[in-house]
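Structure first, then comments.
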Number of protein chains: 2
Amino acid sequence: MSISDLVKIFKALSDETRLKLLALLENGELCVCKIVSILKMSQPKVSFHLNILKDAGLVKMRKEGTRIFYSLDDSDLFKRFLILSIIEKIKDKAFSSNFNQEGGVIWK
Amino acid sequence: MSISDLVKIFKALSDETRLKLLALLENGELCVCKIVSILKMSQPKVSFHLNILKDAGLVKMRKEGTRIFYSLDDSDLFKRFLILSIIEKIKDKAFSSNFNQEGGVIWK
DNA sequence: AAAAAATATAAAAATTTTTTGATATATTTT
DNA sequence: AAAATATATCAAAAAATTTTTATATTTTTT
């Protein structure tokens with residue numbers, strides 16, 4: 001892993017939206033449309049951020065029909081540690097299992 | 001540790017100069033002037049990046065006369081792990097104990 | 001074959017970060 | 001007290017990132 005690989009990973013993690021995306025994927029894959037509806041963000045914005053996470057090797061994707069499912073990619077030990085740390089640190093604050101009427105997450 | 005604290009830490013780590021600064025401090029404190037002479041960067045630039053690392057709680061400083069010495073701040077376990085991982089991953093590539101005639105580090 | 005659905009991509013605008021050059025501040029030395 | 005040294009800060013410029021709006025592509029459904 002080169003310095004620029006490291007920088008790319010940290011850059012990917014240095015954005016609140018992307019940390020939320022990682023936390024959202026904790027329990028398994030989700031398609032973009034589901035993520036959009038949960039986070040109430042524009043679809044291009046979600047795709048943009050997912051792409052940065054993918055480039056950094058933090059998530060992977062799987063195509064099924066017209067949908068694309070994203071999931072955590074923790075095949076690398078260091079990345080796995082990072083992802084787990086992040087989820088552990090923001091899960092409670094970010095989610096606390098609170099969803100609003102429309103199924104949107106309530107972030108604290 | 002809030003989400004924005006986490007983002008701040010990762011933002012601080014998402015820059016090559018700052019990763020090099022952390023690696024440079026591996027073996028103990030250095031004053032700004034020494035860092036400037038080793039890295040061959042402008043003093044305001046070095047101060048700027050050190051300040052970002054300090055704001056994120058990754059380094060601490062100590063004043064002595066006209067000099068200011070910076071050192072790693074790994075009092076927090078998560079930060080310590082991050083710093084150690086970074087040093088372990090870039091040390092060989094970045095340093096390999098190579099210094100040029102003027103005492104400047106040769107980065108690979 | 002047309003329409004609909006899901007997603008990516010691209011261009012422009014907005015925002016943030018980084019670099020640079022100049023200057024200010026504080027401490028030590030002469 | 002003046003000069004020198006080390007460092008921070010500030011403002012402007014440059015560069016990079018993010019957001020937004022529009023559009024293209026692919027697959028499924030009708």
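In what follows, chains carry the letters A, B, and so on, assigned in the order in which the sequence lines appear, proteins first and then strands, with residues in each chain numbered from 1.
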Could you tell me whether the phosphate oxygens of dT28(C), OP1 or OP2, come under 4.0 Å of any side-chain nitrogen or oxygen in Arg67(B)?
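No, no such contact exists.
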Taking every non-hydrogen atom, the tightest pair across Met1(A) and Ile9(A):
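That would be SD-CD1, 4.0 Å.
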Nucleotide range of DNA chain D lying under 4.0 Å from chain B heavy atoms:
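The protein-touched segment is dT5(D) to dT9(D).
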Along DNA chain C (nearest heavy atom to each residue), the more 5'-positioned of Tyr70(A) and Lys11(A)
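So the residue in question is Tyr70(A).
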Looking at Ser2(B), is its backbone amide N or carbonyl O close enough to the side chain of Asp5(B) to form a donor-acceptor pair, meaning the two atoms are under 3.5 Å apart?
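A pair under 3.5 Å: yes.
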Any chance you could measure Leu6(B), atom CG, to Ser4(B), atom OG, to the nearest 0.5 Å?
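So the CG of Leu6(B) and the OG of Ser4(B) are separated by 8.5 Å.
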Going from CD on Glu26(B) to CD on Glu88(B), what distance comes out if it is rounded to the nearest 0.5 angstrom?
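Going from CD on Glu26(B) over to CD on Glu88(B), the span is 10.5 Å.
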Residue closer to the 5' end of DNA chain D, Thr17(A) versus Thr66(A) (nearest nucleotide)
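Residue closer to the 5' terminus by nearest nucleotide: Thr17(A).
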Between P of dT19(C) and NZ of Lys40(B), the distance in whole Å
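Result: 18 Å.
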Quick one, which residues of residues 45-63 of chain B touch DNA chain D with a heavy atom under 4.0 Å?
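Under 4.0 Å from DNA chain D: Ser47(B).
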Please answer: with hydrophobic residues joined when any side-chain heavy atoms are less than 4.5 Å apart, are Leu13(A) and Phe48(A) in the same cluster?
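No: no chain of side-chain contacts under 4.5 Å links Leu13(A) to Phe48(A).
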The dot-bracket string of DNA chain C, counting Watson-Crick and G-U wobble pairs with both distances under 3.5 Å, using [ ] for crossing pairs and | for pairs to another strand, is ||||||||||||||||||||||||||||||
Classify the ring geometry of Phe81(B) against Phe81(A): parallel below 30°, tilted from 30° to 60°, perpendicular beyond 60°.
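Tilted.
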With heavy atoms under 4.0 Å as the rule, sort Phe69(A) into base, sugar-phosphate or nothing.
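Since no nucleic acid heavy atom lies under 4.0 Å of Phe69(A), the category is nothing.
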